[in-house]
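Everything below concerns the one structure shown next.
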2 protein chains.
Amino acid sequence: MSATRERRERERAQRHQMIITAARELAEAEGWEAVTTRRLAERVEYSQPVLYSHFNGKDAIVGAVALDGFVEMAGDLGRARRSAPEPARALRAVCAAYLRFATERPALYQAMFILPTNLKFASVDTPAPLRACFDEFVNCLRPDNERRELFAEVIWSALHGIAVLSESGRIPPAGQEERIDLLVAGVAAGG
Amino acid sequence: MSATRERRERERAQRHQMIITAARELAEAEGWEAVTTRRLAERVEYSQPVLYSHFNGKDAIVGAVALDGFVEMAGDLGRARRSAPEPARALRAVCAAYLRFATERPALYQAMFILPTNLKFASVDTPAPLRACFDEFVNCLRPDNERRELFAEVIWSALHGIAVLSESGRIPPAGQEERIDLLVAGVAAGG
DNA sequence: AAAGAATGTCTAGCACTGCTAGGATCGGCT
DNA sequence: AGCCGATCCTAGCAGTGCTAGACATTCTTT
């Protein structure tokens with residue numbers, strides 16, 4: 001009785017993850033507009049309504065994918081920061097890693113920052129991976145700077161702007177390196 | 001014969017504009033997700049298919065609204081730049097005007113930068129108002145700076161990032177002024 | 001002025017979306 | 001064995017963007 005119950009829950013958790021990865025793979029392969037509940041259900045080999053027994057709706061599924069994305073991004077940014085030889089170059093490495101993430105995983109990035117999701121930002125119940133990403137920027141700045149958070153916000157905003165404007169062709173795709181250089185130079189001088 | 005033809009074309013142009021303003025008003029009042037072809041048609045007091053005799057599809061309608069938005073934004077930015085007492089403060093005024101536009105007309109801003117449209121950016125056939133907005137940033141920078149365009153791109157990106165991240169609650173809504181200050185300080189120092 | 005051509009508009013419908021109520025089916029428990 | 005509850009699916013709703021074909025209405029030509 002308890003054994004079967006555990007197996008049930010295990011299978012259910014498995015299926016939960018299967019839905020998330022299916023949504024992510026489908027989005028990365030054909031874009032989010034191709035991710036419909038029907039195709040998703042077909043891919044998981046269940047009928048549509050089971051999706052709604054796991055998630056409150058499509059937005060929640062996108063949110064789950066986005067959360068996975070934040071976990072990965074936090075890893076990427078952390079690796080970039082720690083691999084920098086000196087603190088002065090850490091910020092540049094993190095910025096480059098950020099843009100790299102955005103351009104190499106556009107669908108994931110969309111889920112995290114553009115599509116409507118049910119994720120809470122800048123509040124008490126902000127998921128940890130989300131906060132971790134932000135902190136990677138903060139940790140690149142000198143601890144005696146009491147406006148570190150403000151700096152991090154502006155840097156993050158600039159990177160996000162660069163990512164989305166170049167992705168949608170509103171600024172030329174080339175010249176990302178120069179933009180990063182300019183950004184970190186401005187921060188270094190402005191602080 | 002020729003007179004009636006002219007009248008026809010005049011009425012057609014009127015209806016064309018009526019569709020655009022109806023879409024804009026509806027979006028500003030209830031958000032873009034409420035702008036459907038049916039509601040739009042009802043509001044213009046014509047049936048759905050007439051929309052498609054004016055525009056290639058919904059994206060084209062959004063694009064037309066966005067184009068109007070760029071015209072207005074170019075005006076706002078130009079006024080802000082010219083009203084600045086000295087060139088050094090012009091950039092700050094333009095940045096503030098940009099963020100003001102984004103927060104006061106969120107629906108219009110969405111059409112211009114977030115929703116899928118058929119507008120061409122950074123190419124030969126980029127509409128003039130679009131280019132004009134970009135140039136307002138460029139014209140705030142010293143003419144002897146041969147990397148003005150790069151600077152403008154980064155400034156614009158940062159502003160766009162600030163606008164969209166604060167709109168979606170990903171960074172706190174307060175503190176916009178400080179962010180602008182930091183941005184223009186960084187540019188001034190980095191250049 | 002009457003017949004034909006062309007233009008404009010609308011009704012009805014397609015294929016699709018996210019989402020859900022209700023019934024069928026299968027498991028474990030008494 | 002028989003019940004009962006959890007699980008899952010079929011079928012359908014209301015809505016989306018978009019379009020083919022019928023219907024007028026207007027203009028042109030005889």
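In this text, all values refer to a predicted model and were calculated from it rather than measured experimentally. In what follows, chains are A, B, ... by sequence order, proteins preceding strands, each numbered from 1.
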Who are the side chain to side chain donor-acceptor pair (under 3.5 Å) partners of A:Q110, not counting sequence neighbours?
->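 Per chain and number, A:Q110 pairs via side chain to side chain donor-acceptor pair (under 3.5 Å) with no residue.
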
Under the side chain to side chain donor-acceptor pair (under 3.5 Å) test, residues paired with B:D76 that sit two or more places apart |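 If we apply the side chain to side chain donor-acceptor pair (under 3.5 Å) test to B:D76, skipping adjacent residues, the hits are B:R79.
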
With sequence neighbours excluded, tell me which residues meet salt bridge (charged side-chain N to carboxylate O under 4.0 Å, His left out) with [X].
| X | result |
| --- | --- |
| A:E33 | none |
| A:E45 | none |
| B:R38 | none |
| A:D135 | A:R131 |

ring-ring contact (aromatic ring centres under 6.0 Å, His included) partners of B:F55, counting only residues at least two apart | B:H16

Tell me, which pairs form a ring-ring contact (aromatic ring centres under 6.0 Å, His included) where one or both residues lie in residues 157-190 of chain A, sequence neighbours left out?
->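 Checked against ring-ring contact (aromatic ring centres under 6.0 Å, His included) - neighbours excluded - the pairs reaching residues 157-190 of chain A are A:Y109-A:H160, A:F113-A:H160.
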
Contact list for DNA chain D against residues 16-28 of chain A - heavy-atom distance below 4.0 Å |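 The answer is none.
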
Would you work out how much the helix from C:dA1-D:dT30 to C:dT30-D:dA1 bends between its ends, with each end axis defined by five base pairs, to 10 degrees?
-> 30°

With B:E177 via side chain to side chain contact (heavy atoms under 4.5 Å, CB included) - residues at least two apart = B:R92

Whole-Å distance separating the OH atom of B:Y46 from the P atom of D:dT25 =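 Atom-to-atom, B:Y46 to D:dT25, this comes out as 14 Å.
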
How would you label the contact of A:R15 with the nucleic acid (heavy atoms, under 4.0 Å): base, sugar-phosphate, or nothing?
-> sugar-phosphate

5' to 3', nucleotides 17-23 of chain D under a 4.0 Å protein heavy-atom cut-off (B base, S sugar-phosphate only, - none) gives BBBB---

